[in-house]
Each structure stands twice: as structure tokens, then as C-alpha cells.
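Here the structure is laid out as C-alpha cells; the discussion comes afterwards.
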Amino acid sequence: MTKTFYVTTPIYYVNAEPHIGHAYTTINADFLARWHRLDGYDTFFLTGTDEHGEKIAQAAARAGKQPQQFVDEVSAKFKKAWEILHISYDDFIRTTESRHKKVVQQYLQEIYDRGDIYYGEYEGLYCVGCERFLTEKELVDGKCPDHGVEPELRREGNYFFKMEKYRAWLRDHINKNPGFIRPERYRNEVLAILSEPIGDLSISRPKSRVSWGIELPWDPEHVTYVWFDALLNYISALGYPEGERYKKYWPAAQHMIGKDILKTHAVFWPTMLKAGDVEVYRHLNVGGHLLAEGRKMSKSLGNVINPFEWSEKYGSDAVRYYLLKETPYGLDGVVSEEGLIERYNADLANDLGNLLQRVRTMVLKYREGVLCRREPGAGEAVVVAAAEGLAAKVRGYVRELRFNQALEEVLQFVRLLNRYVNEREPWKINDPEDLDRVLYTVVDGLRTASVLLAPALPVKMAELRAALGLGELSVADVEGWGGLPDGHKLPAEAPILFPKVESEKKKQSKYIPAKKPKKDEAATITYEDFAKLDLRVAQVKGVEKHPNADRLLVIRLDVGGEERTVVGGLAEHYAPEELVGKKVALLANLKPRKLRGVVSHGMLLAAEGADGTLALLEPGREVEPGSKIS
RNA sequence: GGCGGUGUAGCUCAGCUGGUUAGAGCACACGACUCAUAAUCGUGGAGUCGGCGGUUCAAGUCCGCCCACCGCCA
């Protein structure tokens with residue numbers, strides 16, 4: 001029996017267009033879905049849109065549209081957005097679909113029949129202008145901020161779900177299942193919430209006030225409010241309770257959410273499932289928020305990042321890769337376009353893309369595109385060892401939701417392959433068998449990387465495999481070294497995989513000469529500045545070549561009885577024996593600094609000629625070593 | 001006010017149950033190489049590990065207090 005895996009994003013509320021927050025959660029979910037498909041799981045990936053509520057009805061009215069037409073349009077924008085980002089969802093649930101409404105009504109009725117829903121009176125501060133209840137927090141000086149009117153105390157009939165009844169059970173469940181809410185910080189937060197009474201949950205609104213919703217089956221004068229409408233999508237899309245999908249994928253569910261909706265998913269949703277006698281989901285995975293310039297994104301700050309614009313400029317894979325690689329899942333992460341370009345150039349263009357290019361060129365040039373499988377030798381040991389454990393390591397990181405580490409692990413392998421090529425220098429190898437061995441090993445490594453990176457870079461890794469003449473592969477195909485068939489042939493042509501991107505900053509520095517201060521014009525300083533320098537005459541006692549640098553000399557000096565060592569870049573200008581005995585000018589109170597392993601206590605003054613030759617300054621008359629220069 | 005999180009090289013981040021000279025990538029400098037997308041490889045530099053105090057033979061890593069930012073709750 002194959003293992004099953006079910007992952008969901010939240011259903012997104014259609015009062016806003018798709019933005020980076022939606023994209024981030026969805027990309028994380030897509031990564032998990034794609035990984036599990038490649039790793040042999042029977043996988044189901046669900047996303048969708050949340051389309052009911054008074055806000056939607058109002059937004060539709062403002063746009064001069066019927067609610068249904070309005071939600072159709074916004075929902076389509078989400079589908080379009082996921083198309084741009086290559087989100088591989090298997091189903092897209094909309095809460096206005098009849099398949100969903102049916103389940104919601106059925107589920108509500110079940111719980112009502114069990115006695116966990118009761119009718120009660122809600123009392124609160126109601127603003128007539130807003131046509132809704134306001135919370136204390138929203139009030140400004142006791143008045144509605146939008147209408148400047150004091151809200152009136154009003155009672156309203158609501159149905160309530162007996163949530164408090166399940167609090168103890170939920171707390172117990174979370175305590176017994178450490179991985180239920182991940183990462184742990186959010187688990188602690190939920191346990192804190194559950195340590196105090198959570199009360200019962202208002203789940204309906206009178207239809208007179210909120211018309212755009214799903215009617216309660218036992219009382220058509222009320223519609224269900226948010227929770228039962230939205231959260232049940234996770235099982236309605238599977239065809240609860242009799243659907244094949246439901247039987248197959250529930251409860252092996254992992255919900256991916258942002259930390260802003262923790263409480264609804266960690267408290268409301270599990271108790272709702274428990275009340276319906278449905279087994280609770282497996283994991284709730286909570287992601288952090290993306291920040292721009294270290295702050296929240298907001299329209300007023302004008303720092304809102306649009307991942308869809310980035311996708312147009314750099315490709316959706318680059319955006320996916322960047323968001324997954326740059327920030328650890330669960331924490332807030334700082335992102336920027338500059339950061340994206342850096343990551344793209346360094347990891348994708350230089351390390352990975354260039355490796356493909358260089359090895360392809362060699363295989364075509366030296367071997368007419370044909371690879372021969374040769375058993376690895378001592379020179380391959382490091383690569384083979386790395387390849388053997390790679391898939392398992394990546395799998396481990398993915399399980400822990402450490403997507404950034406999973407990707408970094410593969411990138412380290414790619415860097416290892418580049419190092420391997422430099423060490424083995426295939427362009428110098430004469431032995432044809434050994435040359436085969438090196439080229440095969442590199443291509444096989446790229447083949448492995450292409451699979452393990454595919455969950456982040458689905459489009460580009462397929463292109464990479466095409467450039468190697470390979471088709472779809474699974475994780476099982478890359479568990480270890482040497483899966484590439486003997487005699488495999490590379491296609492003659494392949495485009496550059498990741499063309500390098502020039503950032504705005506770099507472009508500028510290219511055309512505008514760097515504004516380094518010219519050597520011969522320095523800023524004016526005061527005498528006090530100058531007086532800080534301790535300049536001394538010193539006599540050279542001995543000179544040796546620096547053990548680790550061709551250009552440096554290690555010079556022992558007599559500074560008036562005190563001996564000290566200075567390292568200077570003089571090897572190209574003076575022979576060691578030529579210096580001994582010379583009296584020179586020393587900056588004696590320069591902060592000591594290690595130069596290639598030898599500590600230098602000061603610096604010798606020298607003039608630089610137009611051709612770059614250095615001439616040490618020497619006193620014009622006889623003076624004692626240690627004499628002060630001023 | 002209570003609870004929780006974060007604070008480690010210029011930047012983005014690793015550092016598990018405390019243990020050799022605190023790491024990686026980017027950026028910077030120098031060197032090597034030429035198969036390659038001015039690429040790759042090597043070397044180098046600095047960090048009072050937010051601050052103070054404590055436990056310990058030993059703390060970035062545990063405890064206490066404090067500071068900054070963030071979140072949840074009130």
C-alpha cells in the first residue's frame with residue numbers, strides 16, 4: 001500500500017487580490033506536495049478561496065456586481081496567480097460551490113443533532129453605520145472610528161458551538177502529540193491559550209444582517225458565520241464523508257498556514273472535528289511572515305513586494321527558490337529584490353547553471369556527448385560519499401520543515417562538484433578512461449541535484465534534465481552515486497539555464513566610475529589628527545620571505561632598543577638582503593594586524609611611483625633608531 | 001501587565017541533548033586555473049555570540065535580572 005500525503009493551504013478570502021503572503025504559504029505547500037510526489041507518496045494538494053460574508057457582499061455592491069459574479073472574478077485571479085507560480089494543486093475548492101455547501105450543512109446538522117450547538121443571545125456594541133458589532137479595541141474614544149458615533153448596546157440571536165467542552169481534550173491531544181503544531185513556539189502559544197477558558201464560539205448571523213452565506217439547515221433565518229463555512233473546506237473538498245478521496249487522504253493531513261490564523265486552525269478547527277467525531281488532522285505547520293526592509297509590508301509604507309512582478313522579471317522558479325531558501329520556515333524573514341538577485345546569481349547562475357554549462361561543453365568537446373560509466377576511484381571518494389547520503393539528508397530536512405536547509409544541502413553538493421572539477425582538471429586528463437570517470441561523475445551529480453531541487457525549481461530542473469537528455473525522475477532514482485546509464489548521450493544544444501541578472505546597483509557601478517577618493521587628494525585634517533600618528537625611524541635588523549605569501553616580507557626592526565616585527569608588501573620591490581641595515585620610516589602605533597598568519601606591528605612608509613614601484617622613505621641624515629618623526 | 005519568540009561577522013542565516021582555536025553563503029582583498037554564464041577553486045580579515053550576574057572543570061548553548069524589536073493574551 002502506498003503512503004498517502006495530503007497538504008493544504010488556507011482558502012484565501014476574496015476581499016483582497018493575491019499578494020506575497022498568499023504566495024509564500026502556497027509555495028511552501030507546493031514544495032511539500034512536490035517533494036512527496038517525487039518521494040513516492042500518493043499526494044493530494046488542496047487550495048482554494050473563501051467567498052462568503054458581508055464584506056464580500058459589500059465589496060461586490062461597491063463594484064456594482066452581483067456577489068457571485070464578483071467572487072468568480074477574484075477567485076479566477078487566484079487561479080491565475082498559482083498558474084504563474086507553477087503551483088501544482090490537485091483541487092481548488094470554492095466555498096460557494098454546491099459540493100462544499102452540502103457538506104457544511106450536513107456537518108452543522110450532525111453537530112446540532114448531537115447537542116453541541118445551542119441558541120443564545122449575543123450582546124455587544126453595534127454600529128448602525130457599519131452594520132456590525134465592534135470590539136472594544138476598535139473603538140476610538142468610545143466611538144466608531146469610521147462613523148464617529150457611539151455604538152449602541154444591542155442583543156442579537158446567535159447559534160453557539162460548545163467549544164469550551166473540548167478544551168481539555170485538545171490540550172491533552174497537543175501534549176501527547178509534540179508534532180501536532182509545528183514549529184514548537186506556536187505549539188506553546190496554543191497551549192497558553194488553552195490554559196484558560198476559551199468559551200463557546202458564535203457560529204451564525206441572522207440572515208437579516210448577513211445575507212451572503214450558507215443557511216443553517218434547521219433555521220433558514222440564520223447563515224453560518226466564517227468558521228464552519230471556511231474550515232470545513234479541508235474535508236468537503238475530499239468528499240466527506242463517503243468520498244474516495246476522503247477515505248484515502250484523511251486524516252493524513254498537513255495544513256500550512258501563516259501565523260495570523262493560528263487560533264482558528266489550532267483551536268477552532270480541531271474542536272470542530274472532535275465534535276463531529278472526525279479524527280483530527282496530523283500536522284498544523286505554521287509559517288512566519290515576510291518582511292520588507294525588516295518591517296511589515298504595508299501600502300502606506302509603500303514597501304509591498306509583488307511576487308508576480310518578480311516572476312515576470314526573473315522567472316517563477318527564482319522567486320520560489322528565493323522565498324524557500326532565504327528564510328527558515330516558521331520565522332519571519334526579510335526579503336528584497338536585491339536579495340533575490342544575489343541568491344539567483346550566486347546559487348543558480350554561478351554555482352548550478354555554470355556547472356551544467358562547463359560539463360556539457362567538455363562532454364561534447366572531448367567525448368562527442370557520450371558518457372561512459374566507470375567505477376569511481378580514490379579521486380571520486382568525496383563526491384560518491386556525498387551523493388550516497390544526499391537524498392536521505394534532504395528528506396530529513398523536509399520532514400522537519402527546514403526547507404532552507406534542504407536546499408542548502410543540495411547546493412553544498414553542487415559546490416562540491418565544482419570543486420571536484422577544479423581538482424580533477426578534466427581538460428588536462430590524457431587517460432580516456434579516467435576522463436570518462438570524471439565527466440560521468442559530474443553529470444550524474446547534476447542529475448541527482450536536478451531531482452532534489454525540483455520541488456523548489458520545477459520548471460528549471462526539468463530544463464536542466466532536458467539539457468542532460470533526461471526525463472522525469474524520482475527521488476528513488478537518485479539515492480546514491482551512479483544511477484546514470486552507461487553510454488548516455490547529451491543533446492547537442494541547450495540554452496543557458498539561468499542567465500545572469502545584473503542588479504541596478506551593479507549596473508550603476510559599472511558605468512559610473514567608483515567614487516573612491518583619489519590617492520593624491522586627501523581630506524584636510526587638523527594637527528591633532530596628525531599628532532595621533534607615532535612615526536619613528538627604525539633600522540632593519542633582518543628580513544625573511546613570508547611563509548604564506550609571495551608578495552610579503554617579514555621585517556624585524558630596531559626601534560630604539562625595542563624590537564618589533566612588521567609585515568609589508570615589499571617582496572616585489574626589494575630583495576631581503578638589500579633592506580638589512582636600512583633606516584626607514586615606521587608608523588609605530590598602527591593597530592597590530594595578522595597578515596597571512598604573521599602579526600604585523602606597524603607599517604613602513606613608502607612612496608609609490610607612477611609605474612607602481614615602491615620606494616621606502618629614508619632619513620636624509622644620520623639619526624638614531626627610535627627617533628620621532630614629526 | 002502576563003506568556004512566548006527573536007537578538008551570533010557589513011548582509012542573510014547555521015550552531016541538537018553545554019566540551020577541541022564560534023561556522024556557512026553573499027560582499028571585500030589577494031592568489032590559482034581556463035572546461036565554463038567576467039565563471040569556478042584556494043587563501044585572508046574582523047564577530048565583547050544584545051547587556052550584567054550566576055551554576056559548572058567547561059556556556060553562544062543551562063539559570064536569574066535587564067535592554068531592544070516582534071507576536072499572542074489581557
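Keep in mind it's a predicted model, so treat the numbers as computed, not measured.
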What is the separation between atom [atom1] on [X] and atom [atom2] on [N], rounded to the nearest whole Å?
X        : N      : atom1 : atom2 : value
A/Leu194 : B/rG4  : CG    : P     : 15 Å
A/Arg358 : B/rC33 : CZ    : P     : 15 Å
A/Tyr344 : B/rA27 : OH    : C1'   : 20 Å
A/Ile261 : B/rG71 : CD1   : P     : 17 Å
A/Asn350 : B/rA27 : CG    : C1'   : 13 Å
A/Leu348 : B/rG25 : CG    : C1'   : 13 Å
A/Asn418 : B/rG25 : CG    : P     : 13 Å
A/Lys325 : B/rG25 : NZ    : C1'   : 7 Å

Under 3.5 Å, is there a donor-acceptor pair linking the side chains of [X] and [Y]?
X        : Y        : value
A/Tyr314 : A/Glu337 : yes
A/Asn28  : A/Tyr329 : no
A/Tyr397 : A/Glu408 : no
A/His19  : A/Asn306 : no

Exercise. Below 4.0 angstrom, N of the basic side chain to O of the carboxylate: do A/Arg182 and A/Glu400 qualify?
Worked result: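 Judged by the 4.0 Å cut-off on N to carboxylate O distance, A/Arg182 and A/Glu400 do not form a salt bridge.
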Exercise. Does a side-chain N-to-carboxylate-O contact under 4.0 Å join A/Arg402 and A/Glu409?
Worked result: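 No.
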Exercise. Any side-chain N or O of A/Arg419 less than 4.0 Å from the OP1 or OP2 oxygen of B/rG42?
Worked result: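 Yes, because at least one side-chain N or O of A/Arg419 sits under 4.0 Å from OP1 or OP2 of B/rG42.
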Exercise. So what does the secondary structure string of RNA chain B come out as, 5' to 3', with Watson-Crick or wobble pairs under 3.5 angstrom, [ ] for crossing and | for pairs with another strand?
Worked result: (((((((..((((.....[...)))).(((((.......))))).....(((((..]....)))))))))))).
In whole Å, what separates the [atom1] atom of [N] from that of [M]?
N      : M      : atom1 : result
B/rC11 : B/rC28 : P     : 16 Å
B/rG50 : B/rA68 : C1'   : 8 Å
B/rG10 : B/rG47 : P     : 9 Å
B/rG15 : B/rG23 : C1'   : 7 Å
B/rU6  : B/rU17 : P     : 12 Å
B/rA27 : B/rA74 : C1'   : 46 Å
B/rU43 : B/rC33 : P     : 16 Å
B/rG53 : B/rC13 : C1'   : 29 Å

Report the nucleotide, chosen from [options], that has the shortest atom-to-atom distance to any side-chain atom of [X].
X        : options                : value
A/Gln357 : B/rC72, B/rC3, B/rU37  : B/rU37
A/Thr361 : B/rC35, B/rU37, B/rU40 : B/rC35
A/Asp347 : B/rC35, B/rG25, B/rG71 : B/rG25
A/Glu189 : B/rG71, B/rU37, B/rC35 : B/rG71
A/Arg415 : B/rC35, B/rC41, B/rC3  : B/rC41

Problem set entry | Base of B/rU40 paired with side chain of A/Asn422 (donor-acceptor, under 3.5 Å) |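 Answer is yes: a donor-acceptor pair is held.
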For a quick check of understanding: with a heavy-atom distance under 4.0 Å over all strands, which category does [X] fall into, base, sugar-phosphate or nothing?
X        : answer
A/Asp260 : nothing
A/Tyr186 : nothing
A/Gly353 : base
A/Ala346 : sugar-phosphate

Problem set entry | Nearest-nucleotide 5' precedence on RNA chain B, A/Glu408 against A/Lys365 |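 Result of the comparison: A/Glu408.
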Exercise. Can you list the residues that meet the salt bridge (charged side-chain N to carboxylate O under 4.0 Å, His left out) rule with A/Asp434, with sequence neighbours excluded?
Worked result: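 A/Asp434 satisfies salt bridge (charged side-chain N to carboxylate O under 4.0 Å, His left out) with A/Arg424, A/Arg437 only.
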Exercise. Between A/Tyr281 and A/Trp269, how do the two ring planes meet: parallel, tilted or perpendicular, split at 30° and 60°?
Worked result: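 Ring orientation, 0 to 90° scale: parallel.
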Exercise. Is the A/Phe180 ring parallel, tilted or perpendicular to the A/His173 ring (thresholds 30°, 60°)?
Worked result: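 Rings of A/Phe180 and A/His173: perpendicular, over 60°.
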Exercise. Tell me the salt bridge (charged side-chain N to carboxylate O under 4.0 Å, His left out) pairs involving residues 190-202 of chain A, sequence neighbours left out?
Worked result: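 Every candidate salt bridge (charged side-chain N to carboxylate O under 4.0 Å, His left out) pair involving residues 190-202 of chain A fails, so no pair, neighbours aside, qualifies.
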Exercise. Side chain of A/Asn285, backbone of A/Leu401: donor and acceptor closer than 3.5 Å?
Worked result: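 No; judged by distance alone, with no hydrogens or angles, the pair does not exist.
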Restricting to nitrogen or oxygen on both sides, can you table the protein-nucleotides 9-14 of chain B pairs closer than 3.5 Å?
| residue | atom | partner | partner atom | Å |
| --- | --- | --- | --- | --- |
| B/rU12 | O2' | A/Glu326 | O | 3.3 |
| B/rU12 | O2' | A/Glu326 | OE2 | 3.1 |

For this session: Using a cut-off of strictly less than 4.0 Å between a heavy atom of the residue and any atom of RNA chain B, enumerate the qualifying residues of residues 426-435 of chain A by number.
Result: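 Result for residues 426-435 of chain A: A/Trp427, A/Lys428, sorted by number.
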For this session: Could you tell me whether A/Tyr440 and A/Trp481 have their ring centroids closer than 6.0 angstrom?
Result: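 Ring centroids of A/Tyr440 and A/Trp481 are less than 6.0 Å from each other.
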For this session: Just jot down the side chain to side chain contact (heavy atoms under 4.5 Å, CB included) partners of A/Ser311, sequence neighbours excluded, or say none.
Result: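 Scan of A/Ser311 (side chain to side chain contact (heavy atoms under 4.5 Å, CB included), adjacent residues dropped) gives A/Ile84, A/Leu85, A/Ser316, A/Val319.
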Problem set entry | A/Lys393 atom NZ, over 12 foreign heavy atoms within 6.0 Å |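 Counting other residues, nucleotides and ligands, NZ of A/Lys393 stays at 12 neighbours or fewer.
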